[in-house]
Amino acid sequence: MDFLTSQTHLHITTWVIAIVIFLIAALGKQSKGLHMTLRLFYILIIITGGALFFKYQAGDPMLYGMKFLFGILVIGMMEMVLVRQKKNKPTGLFWILFAVFLFITMFLGFKLPLNFNFLA
């Protein structure tokens, strides 16, 4: 397995774990420990995504930059949902934005490093 594949797998694994933790925290009873664990995964996602971005952006820097931006927006919406839920404020808009940004990020993520046609 080459570096790109292992680095990509690590990045995808951190995303999957973070989304599972997020859904458990958002749909179940929130705990401070669970939220802090999710924040640790945010950092891991940014580190692994940043490593991929800086190593492989030469192929298509604009698309890689857009994926990086939308990935950060997904993390932001995850955090907004949890914080607003904790304060008993409405979260509907942030759930919608989370879903839209996640779809865009996944579309770009599958397209760029794996050359996988997401909608075919």
### Task
Treat each ILVMFWY residue as a node, draw an edge where side-chain heavy atoms are under 4.5 Å apart, and state whether V16 and I47 are in one component.
no
Smallest heavy-atom separation, W95 atom then A26 atom, equals CZ2-CB, 3.6 Å
Only residue of L82, V81, V74 satisfying side chain to side chain contact (heavy atoms under 4.5 Å, CB included) with M78 is V74
T105 side-chain N/O to F70 backbone N/O, donor-acceptor pair under 3.5 Å:
yes
Hydrophobic clusters here meaning ILVMFWY residues chained together by side-chain heavy-atom distances under 4.5 Å, can you tell me if M106 and V20 are in one? yes
So CD1 of I75 and CD of E79: to nearest 0.5 Å the spacing works out to 10.0 Å
Side chain to side chain contact (heavy atoms under 4.5 Å, CB included) test vs V83 passes for just one of M80, K87, K86, namely K87
| request: Kindly indicate whether the side chain of R39, heavy atoms from C-beta on, has any atom under 4.5 Å from the side chain of M36. | output: yes
- Step-by-step side-chain contact (heavy atoms from CB on, under 4.5 Å) determination, I17 to L44: CA-CA 11 Å; I17 293 170; L44 294 173; over 6 Å; no
| Given the rule that I, L, V, M, F, W and Y join up when any side-chain heavy atoms are under 4.5 Å apart, are F54 and L63 in one cluster? | yes
The ring pair (Phe, Tyr, Trp, His ring centres under 6.0 Å) partners of F94 (sequence neighbours excluded) come to none
Is a donor on one side and an acceptor on the other found under 3.5 Å between the side chain of Q85 and the backbone of T91?
no
Which label fits F107 and F103: parallel for a plane angle under 30°, tilted from 30 to 60°, or perpendicular past 60°?
parallel
